[in-house]
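Counting starts at 1 for both ligands and their atoms, in listed order. These values consider heavy atoms only, across backbone and side chains, with no hydrogens, waters or symmetry-generated copies.
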Amino acid sequence: MSATGWLITGAVVVLVATLPYWLPRAVIALRVRIFARVGGEEGVRAPGREVPAEEFKKVYGHPAANGRSRGAALSDLFWYWLSPGPEVHQEHLEPGPRYDDVARTTRQILAGLSRAQWTELVGRCTQRVLDELDGHARVQRVRLRDLMMPVWAEVYYEVVFREPCPRHVRDLITGNADDVVTALKCTGLRHMDRRARLTAHLRDRLAHDPPPVPLPSSLSRREQAYYLQGTFFNTAVVQMSEAMAHLLLALATHRPVQDRLSAGEETVDKEGAFLDRVINETLQHFPLFGVAHRITSGEIPREGREPIPAGSVLLFNYPEYQGSGSSGGGRFDPDRWLNPDTRPSAFIPFGVTANRPCPARGFAVLTMRVAAEEVLRRFRLESSVEHTRSLPSRGPCLLVPRTGASLSPARRRTRLAAMRLADRWATVPRSLTQLVLGSYMVWDARRQGLCRTYFAASSGGSAPSVTAGR
Ligand code: HEM
């Protein structure tokens, strides 16, 4: 072979061998460009040039930052991902009597349990799901999001219907939630048939045996089914499963933190408090929301700057905002929350109080703590995968039983090294899949224009339902 031939072969070998190090990043950059192109450039970034981090909360909490869906091309994409029934999903309803009715019902349903009842319910559901694990005396490999999803399906079914969740309904709920989150992360397409099966079950249930808390009277029976599906069997289940996957993966990849929790070095009270700091630190590093958007219904005046005009699309970027008030240099350090000087100053895991914050903010951390304690009581967690905010890998992890089989140090090293390698190489096909499927879904969402069409029709006098098959 000639010198040039060797050079080219060498370059190709290096390129291929280093694929996992550069391809996913290049694909993400390309995806962002394609998303912007297909979805249309819009929006005022916060934090950003026009809204610096210091003004983030003030602008987010301004009464005129209250439009939720109408007037933003981005809404078509969210409506597409959250179908069926995005038009009655609490997160995407415009302010007004319908929103008030829906938000009140959510509050009533969630307020039906005392802290002791939440603790009992989450503990019981976590135990049941962990009991089902195949051969729980041996070391096994799981994906943390998949491990946790049935727990929250059972919990939120019982929160709504106040009775234990039958197994076949749990499968419908996880089928629905998994499909939504998979499409949101662009690792798979939507499967509306899976979602429709849950809608059909809920409609039938509401017709014969509705839940104890009356559902919003401003919604039709079909919309009530969509409301329950969207808020409880999609958002609640997806958010809690994602939050737990992040928490458990953070513990699996930070041995000293996990050891401190499981060794019982601290008193029960203090241990509880330490776990809360670990949860805060997890939500600080890995906020569940990427960008939340609002459409301004009026002008937002600012000191020393041009006002933000009515009709602007505001893009509130959680990771950037939370990163702006962090002094830890990216280190995972739960103890920095103990000291006011080191505690992150920009921390809004559940949104801002003045503008439609998360209705679960009062007990989400409590329920995460209960589920995590149950997992840690049974297993030591081991993982070597990359921990990113979007976590498309669903959190591969080894569960090592506290009693029964264990891993010798050599075997542990080998399994973790193999896991790291597999995780790294899995990013190559996955990022290409995300690029292709994501671009398709952005294009398809724009073509269908679910939000655009809905508001165009409702301003013409007839508000259509966004049907499951679209
Ligand atoms: C750790 C878990 C959770 C986190 C970190 C979280 C985070 C958030 C955030 C940041 C928002 C505000 C988004 C915005 O401003 O547009 C939000 C809104 C919302 N969340 Fe959660 N959430 C969690 C769990 C839940 C659960 C369990 C439910 C169950 C009902 C829920 C239901 C909602 C709803 C309905 C909204 C929309 C509120 C409205 O617009 O009125 N979330 N969540």
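Note on ligand 1: Glu242 sits outside its first shell, no heavy atom being nearer than 4.0 Å.
Close contacts of ligand 1 with Tyr156, meaning ligand atoms under 4.0 Å from a residue heavy atom, involve 27 (C). Which parts of ligand 1 touch Arg68 is read off a 4.0 Å heavy-atom cut-off, strictly below it: atoms 16 (O). Atoms of ligand 1 lying under 4.0 Å from at least one heavy atom of Ala243, given by number and element, are 1 (C). Residue Ala292 approaches ligand 1 through these ligand atoms, each under 4.0 Å from one of its heavy atoms: 14 (C), 16 (O). Taking every non-hydrogen atom of Pro357 and a distance limit under 4.0 Å, the qualifying atoms of ligand 1 come out as 38 (C).
At a threshold of 4.0 Å, the pair Glu306-Arg49 does not count as salt-bridged, since none of the basic side-chain nitrogens sits closer than that to a carboxylate oxygen. Under a 4.0 Å N-O distance rule, the pair Glu91/Arg356 does not qualify as a salt bridge. The pair Arg446-Asp76 does not count as a salt bridge, with every side-chain nitrogen at least 4.0 angstrom from each carboxylate oxygen. Salt bridge status for Glu55 with Arg305: present, with a side-chain N to carboxylate O gap under 4.0 Å.
Within the protein, the number of N/O/S atoms found under 2.8 Å from atom 21 (Fe) of ligand 1 is 1.
Among the candidates Phe350, Phe78, Tyr318, Phe316, the single residue satisfying the ring pair (Phe, Tyr, Trp, His ring centres under 6.0 Å) test with Phe289 is Tyr318.
Not a single N or O atom of Thr231, backbone or side chain, sits closer than 3.5 Å to an N or O atom of ligand 1. The distance criterion of under 3.5 Å between nitrogen or oxygen atoms is not met by Thr106 with respect to ligand 1. At least one N/O-N/O distance between Gln90 and ligand 1 falls below 3.5 Å.
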Could you walk me through whether His246 and His387 satisfy the ring-ring contact (aromatic ring centres under 6.0 Å, His included) test, starting with their C-alpha distance in whole Å, then the side-chain angles of each, then the deciding distance to 0.1 Å, before giving a yes or no?
CA-CA 8 Å; His246 281 300; His387 193 168; 5.0 Å; yes
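When every heavy atom of Ala64 is checked against every heavy atom of Gly298, the shortest pair comes out as CB-O, 3.7 Å.
Two residues are said to be in side-chain contact when any heavy atoms from C-beta on lie closer than 4.5 Å; Pro344 and Arg336 meet this criterion. With a 4.5 Å cut-off on side-chain heavy atoms, Arg68 and His89 do not count as touching.
A search for ring pair (Phe, Tyr, Trp, His ring centres under 6.0 Å) contacts involving Tyr157 returns Phe161, not counting sequence neighbours.
Given atom 16 (O) of ligand 1, the protein heavy atom at minimum distance is Arg294 NH1, 2.9 Å. In terms of protein heavy atoms, atom 2 (C) of ligand 1 is closest to Met240 SD, 3.7 Å. Among all non-hydrogen protein atoms, the one lying nearest atom 15 (O) of ligand 1 is Tyr60 OH, 2.5 Å. Residue, atom and distance of the protein heavy atom nearest to atom 39 (C) of ligand 1 are Tyr99 OH, 3.5 Å. Remark: minimum distance from atom 40 (O) of ligand 1 to any protein heavy atom is reached at Arg356 NE, 2.9 Å. In this structure, atom 7 (C) of ligand 1 lies nearest to the protein heavy atom Pro349 O, 3.4 Å. Annotation: atom 37 (C) of ligand 1 to nearest protein heavy atom, Glu91 CG, 3.3 Å.
When atom types are taken as modelled, the side chain of Arg190 and the backbone of Tyr80 share a donor-acceptor pair closer than 3.5 angstrom. Put simply, the side chain of Glu94 gets close to the backbone of Ser69: a donor and an acceptor are under 3.5 Å apart.
Within the structure, salt bridge (Lys or Arg N to Asp or Glu O under 4.0 Å) pairs that include any residue of residues 144-154 comprise Arg128-Glu154, Arg145-Asp178, Arg145-Glu242, Asp146-Arg394, Glu154-Arg170 (at least two apart or interchain). Counting only residues at least two apart or on different chains, the side-chain hydrogen bond (donor to acceptor under 3.5 Å, both in side chains) pairs with a member in residues 101-113 are Gln90-Thr106, Asp101-Arg104, Asp101-Ser218, Thr106-Tyr227.
Between the choices Phe233, Phe232, Phe289, the shortest heavy-atom distance to atom 8 (C) of ligand 1 belongs to Phe289.
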